[in-house]
Structure formats: C-alpha cells, structure tokens
Amino acid sequence: MEELKIQDEEKEPRSLNFIEEIIEDDIRNGVNEGRVHTRFPPEPNGYLHIGHAKSICLNFGLAKKYQGKTNLRFDDTNPVKEDTEYVDSIMEDVKWLGFDWEDRLFYASDYFEQIFEYAMILIRKEKAYVCDMTAEEMSETRGTPTRPGKESPFRTRSVEENLDLFTRMRHGEFPDGTRVLRARIDMASPNMQMRDPVLYRILHAHHHRTGDQWCIYPMYDFAHGQSDSIERITHSICTLEFEVHRPLYDWFIREIGIYVPRQIEFARLNMTYTVMSKRKLLELVQEGYVNGWDDPRMPTICGLRRRGFTPESIRNFTEIIGVAKRDNVIDVSLLEFCIRENLNKHANRLMAVLNPVKIIIDNYPDDQEEELESVNNPEDESQGKRKIPFSKTLFIEREDFMEEPPNKFFRLAPGREVRLKAAYIIKCENVVKDPITGIINEIHCTYDPMTKSGMPDSSRKVKGTLHWVSEKQAVKIEVRLYDRLFIKENPDDIEGDKTFKDYLNPDSLKVITAFAEPEVINAKIYEKYQFERIGYFSVDKDSTPQNLVFNRVVPLKDSWTKAEKVK
RNA sequence: UGACCCAUGGUGUAACGGCAGCACAAGAGAUUUUGGUUCUCUCGGCCCAGGUUCGAAUCCUGGUGGGUCAACCA
C-alpha cells in the first residue's frame with residue numbers, strides 16, 4: 001500500500017485528452033447525475049481494423065475510467081450490406097481486444113418499431129412527409145453547398161395523406177425506390193444535412209435479424225442518434241465526418257422530444273503504408289491481393305492477431321497515439337515499437353536459421369553431441385532455461401559470414417573468431433566453394449573447448465555472437481516473412497490514372513523454409529517467439545505437427561543492415 | 001467558395017495567460033554471450049499578420065493552409 005502510494009505520487013499522470021475534459025466537466029456540473037455511458041456502434045458490413053480499435057479502446061476505456069458502462073450496438077439499418085458473418089467477427093475482435101459489454105449487446109434493428117413510431121410523431125407534427133421523387137430528381141433539387149435546393153412538390157402533403165402513405169409503405173404496397181419519407185426542415189440550409197434528408201426508404205430485402213418483417217428501413221441518420229437516446233448514452237463518441245450531422249441529430253431528438261445524448265467527434269486513425277477504408281480493404285480481399293480478411297498484412301484486427309500482435313500491444317498503441325480533432329497519420333513504426341516492447345518482455349527466445357550455410361567444426365569429435373543450456377528470456381528469468389543440442393555440423397546464417405569483410409563487420413570471416421550463442425568460440429579456418437558457381441558450401445572452423453558457455457574462458461572478448469542450429473537435430477519450419485503491404489507511405493495519394501493498388505508491395509510476403517532448434521516442436525498456435533537476432537514470430541494457425549508455420553510479426557531493430565543500406 | 005471543423009519538431013501528442021515538454025523516428029556514445037534490450041546524450045517545433053495584456057502556443061480579429069458535407073451508404 002505504501003509502495004503504491006509512492007508510485008502514484010512519482011508517476012506524473014497523463015494529462016487529459018479533450019474528451020476526458022468534456023466528461024469531467026459534465027461530471028462536475030452534474031450532467032446525467034455524473035453518469036458515464038458510452039457505446040461502440042459498428043455496422044456489421046465488414047471486418048474491424050486498427051482504426052476501430054482506437055474507437056473501441058476509447059469508448060470502453062472512458063467508461064472504465066469513469067466507472068461507467070459501454071454498450072456494443074450494431075447499427076444494422078441497411079440489410080443489403082449486412083451479414084451475421086460480420087456480427088460474429090466483430091464480437092470476437094472486441095472480446096479479443098480485452099473488452100466486455102456484459103449483457104449490453106444491442107442492435108439498431110431492436111428499435112425499428114420505436115423508430116417507426118418516431119417517424120409517425122414527426123409526420124403528425126408536419127415535420128416529415130412522403131416524397132415520390134426519384135433519387136435523381138432528389139439529387140437535382142438538393143442544390144449545392146453554395147446554392148440552395150428546391151422544395152419537393154410533395155412537401156405540402158397533408159398529415160392524413162402522409163400517415164396513410166407511410167403506413168402503406170410499411171405494408172409493402174409500393175416497390176423499392178418509389179417513395180421515401182423525408183424530414184421537412186429547410187431546403188435552403190447552408191448545412192446540406194438539413195435539406196429535407198431521407199428518413200426511410202423502401203427496401204424489400206431480407207434482414208439478418210428481423211428477416212422479412214420490414215420492407216422499409218430507417219436511414220442511419222434517423223436511427224443512430226435515437227438509438228443512443230434509447231440506450232441513454234451520455235457521450236456519443238464518433239469520428240469527425242459526423243460533425244455536420246450533429247445539428248440534424250439534435251433536431252430529431254428535439255422534435256421527437258426524447259433524451260439528449262452528447263455527441264463528441266474525434267479524428268479517425270490513419271497509418272502510413274496501409275489503407276483504412278472498408279471499401280478498399282474489401283477490394284483487396286475480393287480481388288485476391290491478400291488471402292482474406294485475416295491476412296497478416298491487413299490492418300484488420302483479425303489480420304493483426306494472425307500476424308502475431310497482442311491485445312496489450314494494440315491497447316497500448318491506442319493509448320500512446322492520443323485523441324484529438326486534427327487529421328493525423330500515425331507512423332507505422334510506432335505500432336511496431338509497441339509490439340516489440342511487448343514481445344521483448346514476453347516472447348521466449350529460440351534459435352532459427354533462415355538462410356543457412358553449413359559450418360563444420362574440424363576439431364570437434366565426429367560423433368559427439370552435447371546438450372547446451374540457454375535462458376529462454378533474458379528479460380524474464382522466471383521463464384527458465386532450455387537445452388540445445390550441439391554437434392560437429394551446424395547451420396549459421398549466410399549473411400553472418402563474409403570472405404572479405406568491411407571494417408565494421410563483427411561476424412565470421414576467414415581467420416576471425418566469433419562466439420556461438422550459448423556454445424563455444426569458434427574460428428574460421430577455410431571455406432569450401434562450389435567449383436562452378438563459387439557459392440560457399442561449407443565453412444570450416446575450429447572451436448576452443450575451454451570457451452564453453454559458462455566456463456571461465458568463455459568471457460573472452462570476441463566481436464560478435466551468432467545464432468546457430470545443429471544440422472542433425474534441426475527442425476524444418478515454414479516461415480512467412482511479412483513486410484508492409486504498400487511501398488508508398490500514403491497509398492491514397494495517387495498520381496495520374498493510377499489506383500491505390502498500383503502501390504502494393506510485391507515483396508510483402510516471402511515464404512521460406514528455415515531450420516530451428518528442436519525446442520520448436522513445442523510451439524503452440526498463436527504462441528510468440530523471438531528468433532534470436534532476427535525478429536518476433538508467431539505460430540500461424542495453418543501449422544500442423546509436421547509443418548510448423550511461423551509468421552514474422554516484426555523484425556528486430558537492426559543497426560547493422562541499416563548502416564549498410566546507407567552506404 | 002456556403003456551413004462546420006482543424007492548425008505546436010519528420011510523425012503523434014502536451015501546455016488551460018507565466019521557462020514549449022513527452023513518445024516514436026533520426027543521429028552519437030556506453031553496456032551487452034542477440035549489431036536486440038537497457039542507459040546517456042544530440043538533432044529538431046508554436047502557419048502568418050494585427051490586437052488585448054506587465055506577459056500570448058494559449059484570448060480576440062483578419063488572413064493563409066488543410067479537412068468534412070451535395071447515397072434512397074454508414
């Protein structure tokens with residue numbers, strides 16, 4: 001307790017973001033008796049992505065911070081685009097991120113009867129009318145941002161006629177697109193949203209929850225605010241593009257005369273080297289540029305999960321990026337920082353060689369094998385140690401040897417000594433090349449038996465330490481090396497007649513076979529490892545006992561190849 | 001050019017009228033049986049012009065720049 005107190009005092013609390021300030025103001029002023037109730041309101045028409053994660057963490061985080069509640073509500077007002085497949089994936093993703101809506105799972109479709117009643121109220125107040133114009137006519141008469149629109153000739157229909165027509169719309173007497181219900185507001189409003197927006201359209205479509213019960217469906221604008229009101233949401237947090245809709249929502253709420261939630265808009269998340277729009281992600285999936293929504297290159301939650309990101313790392317990311325109203329583009333390296341930080345602490349180490357070259361230790365007895373020991377995670381002693389077999393013939397990375405090394409090359413080269421991690425110090429004596437291609441087939445070394453890891457002589461200074469795998473015990477694994485999906489920082493910044501797809505990275509996936517130490521056979525699906533000196537890897541669900549598949553989550557920071565690239 | 005919104009290092013985000021700070025990125029060094037981690041340090045910012053004030057990143061006015069809005073999508 002005492003210790004906690006000290007920590008609290010020492011730890012400078014993060015300053016409030018603008019939403020927290022608003023909420024604390026409201027609490028201070030006794031708005032809603034200090035109650036805080038948020039909601040996450042996705043449309044079930046696609047998979048959630050990292051941008052949604054920002055919203056989810058915001059909504060659930062705020063409620064948690066202020067001892068409030070958060071609802072999960074599906075805004076399912078367009079049966080043509082929505083499906084239970086998406087409902088299921090969204091629930092899975094929210095849960096995986098670590099949030100719980102408890103018994104508060106709702107659907108806008110739960111409120112269809114109530115929303116219909118709201119429409120009837122507006123009609124009776126002469127605030128809504130049935131309009132017979134075609135979509136084209138409506139578009140033509142809407143005006144432009146600088147020119148007022150024209151009023152519909154149906155705007156003056158009597159309450160009785162509107163009531164009759166709207167009721168008959170509900171009962172399926174008219175085909176799709178023949179009539180709509182519109183609000184009667186102001187066709188000359190400088191805010192386009194207020195120019196008699198459509199409230200209800202006729203859609204003879206099967207709804208994933210209400211089935212064929214309805215053939216008219218409310219527009220999002222006529223359902224969203226009321227849904228928040230019905231759920232007595234105190235703070236309706238949404239993205240910036242709904243800012244101009246707020247006056248409309250307020251108008252509905254006021255005219256209908258129901259509980260008033262407070263809408264607060266924040267800037268959505270953008271990230272470098274990826275796209276975030278549902279439409280574009282759908283395109284990538286449908287046209288086969290990626291292997292489904294959960295392709296590890298996708299910015300979707302399920303993609304990130306499969307890639308090997310952890311919920312903690314994503315939650316931490318959304319905390320670090322902050323919340324504000326200005327447009328922003330987050331550098332993807334920040335996301336990478338978050339997963340590295342997380343996995344450095346929690347992923348056990350393993351040695352695996354991705355691009356092998358054979359090492360033969362000439363002075364090591366031919367048939368000898370020994371078991372060496374190494375810590376599983378130097379950042380977490382509680383993870384214990386493991387045994388690693390060592391023998392005369394080993395694999396190391398081809399990149400860890402150079403015949404004519406530059407100045408700063410700390411690895412193996414003719415006549416040079418390096419340490420084999422957790423094993424011995426070896427010295428390169430000579431190399432055997434393919435006589436035709438000149439490719440190195442074998443590197444012959446000698447080892448110093450007195451430098452076994454842990455022995456006094458092992459503390460001898462050598463320039464570098466290499467990871468390695470004993471050939472005989474090596475386990476072949478499939479490794480999927482993922483890189484950023486796009487080669488351009490902003491794929492939406494298109495030149496000429498190109499499309500965002502012209503900036504796809506042709507090398508975003510490379511599949512290779514690698515050799516790992518035998519410990520690898522214990523790897524379970526979704527388990528994370530650090531392949532020593534290479535990167536963090538996650539066991540893919542495609543894995544079988546015969547064929548383990550590892551996804552590269554992110555490479556380790558690497559100041560060597562970085563320095564080389566600069567040259 | 002109508003309404004609404006936004007403007008702080010390369011990126012993101014603080015400051016609530018009183019010394020512009022933090023994180024990522026970038027660069028240098030130390031430590032290291034991972035060229036990882038860790039630890040130092042460096043680089044670099046208030047869109048512009050007026051006004052209010054003893055004092056302005058902060059308040060006001062006007063510019064400039066950017067974004068959103070003209071689906072029977074959400």
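Reckoned from all heavy atoms, side chains included, excluding hydrogens, waters and symmetry mates. Note that the structure is predicted; figures quoted are calculated from it, not measured. Letters go in sequence order (proteins before strands), and every chain restarts at 1.
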* **In B:A71, glycosidic geometry as syn within 90° of 0 or anti otherwise** => syn
* Asked: Would a line drawn from the ring center of A:Y107 to the ring center of A:F74 be shorter than 6.0 Å?
  -> yes
* Asked: Which part of the nucleic acid, if any, lies within reach of A:E532 when heavy atoms closer than 4.0 Å are counted: base, sugar-phosphate only, or nothing?
  -> base
* Verify ring pair (Phe, Tyr, Trp, His ring centres under 6.0 Å) between A:F410 and A:W560, making sure each step is shown before the conclusion. => CA-CA 10 Å; A:F410 300 152; A:W560 166 243; 7.2 Å; no
* Reckon A:H245 touches a base, only the sugar-phosphate, or nothing at all at heavy-atom distances under 4.0 Å? -> base
* Asked: Between A:F390 and A:Y424, how do the two ring planes meet: parallel, tilted or perpendicular, split at 30° and 60°?
  -> tilted
* Asked: Touch check for A:K421, heavy atoms < 4.0 angstrom, all strands: base, sugar-phosphate only, or nothing?
  -> base
* To do: Scan every strand shown for a Watson-Crick or G-U wobble partner of B:C46, both distances under 3.5 Å, and answer none if you come up empty.
  => none
* Asked: Counting any heavy atom closer than 4.0 Å, what does A:Y217 reach on the DNA or RNA strands: base, sugar-phosphate only, or nothing?
  -> nothing
* Asked: Without hydrogens or angle criteria, can the side chains of A:K385 and A:N376 be said to hold a donor-acceptor pair below 3.5 Å?
  -> no
* **Inter-nucleotide C1' distance (B:G9, B:G44), Å rounded** => 5 Å
* Structure fact -> In Watson-Crick or G-U wobble terms, with both distances under 3.5 Å, the base opposite B:C24 is B:G10
* Structure fact -> Winner on side-chain proximity to A:A324, out of B:U37, B:U13, B:G2, is B:U13
* Within the structure shown, what part of the strands sits under 4.0 Å from A:A135 by heavy-atom distance: base, sugar-phosphate, or nothing? -> base
* Among B:U34, B:A14, B:A3, the nucleotide that comes nearest once only the side chain of A:P190 is considered -> B:A3
* For A:Q530, answer base if it contacts any base atom (sugar-phosphate contacts may also be present), sugar-phosphate if it contacts only those atoms, and nothing otherwise; contact means non-hydrogen atoms under 4.0 Å. => base
* Short side-chain N/O contact from A:R246 to OP1 or OP2 of B:C4, under 4.0 Å -> no
* To do: Write down the distance separating the C1' atoms in B:G63 and B:A26, rounded off to the nearest Å.
  => 35 Å
* Counting any heavy atom closer than 4.0 Å, what does A:S15 reach on the DNA or RNA strands: base, sugar-phosphate only, or nothing? -> sugar-phosphate
* Asked: Would you say a side-chain N or O of A:K562 is under 4.0 Å from OP1 or OP2 of B:A26?
  -> yes
* **Side-chain N or O of A:R142 closer than 4.0 Å to phosphate OP1/OP2 of B:C72** => yes
* 5'-most contact on RNA chain B: A:R533 or A:K278, nearest heavy atom basis? -> A:R533
* Would you confirm whether the ring centroid of A:Y217 sits within less than 6.0 angstrom of the ring centroid of A:F112? => yes
* With respect to the phosphate group of B:C73, does any side-chain polar atom (N or O) of A:R279 fall under 4.0 Å of OP1 or OP2? -> no
* Complementary nucleotide of B:C69, counting Watson-Crick and G-U pairs under 3.5 Å -> B:G2
* Asked: Just checking, is any N or O donor in the side chain of A:S189 or A:N191 under 3.5 Å from an acceptor N or O on the other one?
  -> no
* Pairing partner (Watson-Crick or G-U wobble, both distances under 3.5 angstrom) of B:U32 -> none
* To do: Measure from NZ or CZ of A:R182 to the centre of the six-membered ring of A:Y129 and say whether it is under 6.0 Å with the direction within 45° of the ring axis.
  => no
* Would you mind classifying the nucleic acid contact of A:V462 as base, sugar-phosphate or nothing, using non-hydrogen atoms under 4.0 angstrom? => nothing
* May I have the distance from A:F317 (atom CZ) to B:G12 (atom C1'), rounded to whole angstrom? => 9 Å
* To do: With C1' as the reference atom in both, quote the distance from B:U53 to B:A30 in angstrom, rounded to an integer.
  => 49 Å
* Determine the interatomic distance between P on B:C72 and the same-named atom on B:G2; round to the nearest Å. => 25 Å
* Looking at the rings of A:H467 and A:F531, which for Trp means the six-membered one, are their centres under 6.0 Å apart? -> no
* State which of B:A74, B:A3, B:C24 makes the closest approach to the side chain of A:V244. => B:A3
* **Step-by-step side chain to side chain donor-acceptor pair (under 3.5 Å) determination, A:D558 to A:T561** => CA-CA 6 Å; A:D558 178 6; A:T561 48; 2.3 Å; yes
* When all nucleic acid strands are considered with a 4.0 Å heavy-atom cut-off, which category describes A:T272: base, sugar-phosphate, or nothing? -> nothing
Between N or O atoms, less than 3.5 Å apart, protein on one side and nucleotides 7-10 of chain B on the other: list the pairs.
from, atom 1, to, atom 2, distance (Å)
B:U8, OP2, A:R326, NH1, 2.5
B:U8, O4, A:R326, NH2, 3.0

* **C1' gap between B:C41 and B:U31, integer Å** => 15 Å
* Asked: Hey, does A:M133 reach any base, or is it just sugar-phosphate, or nothing, if we go heavy atoms under 4.0 Å?
  -> base
* Asked: Is there a side-chain contact between A:E399 and A:N355, using heavy atoms and a 4.5 Å cut-off?
  -> yes
* Asked: Under 4.0 Å between a side-chain N or O of A:T77 and OP1 or OP2 of B:A74?
  -> yes
* Nearest-Å distance, NZ (A:K557) to P (B:U34)? -> 16 Å
* To do: Identify whether any heavy atom of A:K463 sits under 4.0 Å from a base atom; if not, whether one sits that close to sugar-phosphate; answer base, sugar-phosphate or nothing.
  => nothing
* Asked: If you find the nucleotide of RNA chain B closest to A:K461 and the one closest to A:A267, which residue's nucleotide is nearer the 5' end?
  -> A:A267
* Asked: Can you find an N or O donor on one side and an acceptor on the other, under 3.5 Å apart, linking the side chain of A:S453 with the base of B:U33?
  -> yes
Quick test: give all pairs of protein nitrogen or oxygen and nucleotides 65-67 of chain B nitrogen or oxygen below 3.5 Å, distance rounded to 0.1 Å.
from, atom 1, to, atom 2, distance (Å)
B:G67, O4', A:D327, OD2, 3.4
B:G67, O2', A:D327, OD2, 3.3

* Asked: Do A:H207 and A:S109 come within less than 4.5 Å of each other through their side chains, counting heavy atoms only?
  -> yes
* **Donor + acceptor pair across side chains of A:Q383, A:E381 (<3.5 Å)** => no
* Asked: Is any side-chain N or O of A:R340 under 3.5 Å from a base N or O of B:U37, one able to act as donor and the other as acceptor?
  -> no
* Looking only at atom C1', what distance separates B:U13 and B:A25, rounded to whole Å? -> 15 Å
* Does NZ or CZ of A:R340 fall inside the cone over A:Y536's six-membered ring, less than 6.0 Å from its centre and within 45° of the axis? -> no
* Asked: Contact class for A:T134 (heavy atom, under 4.0 Å): base, sugar-phosphate, or nothing?
  -> base
* With heavy atoms under 4.0 Å as the rule, sort A:M194 into base, sugar-phosphate or nothing. => nothing
* **A:Y249/A:F242 aromatic ring centres below 6.0 Å** => no
* Go ahead and name the base partner of B:G18; Watson-Crick or wobble counts if both distances stay under 3.5 Å, otherwise write none. => B:C54
* To do: Please determine if a side-chain N or O atom of A:S559 lies less than 4.0 Å away from the OP1 or OP2 oxygen of B:G36.
  => yes
* To do: Would you indicate what A:F409 reaches in the nucleic acid, counting non-hydrogen atoms under 4.0 angstrom: base, sugar-phosphate, or nothing?
  => base
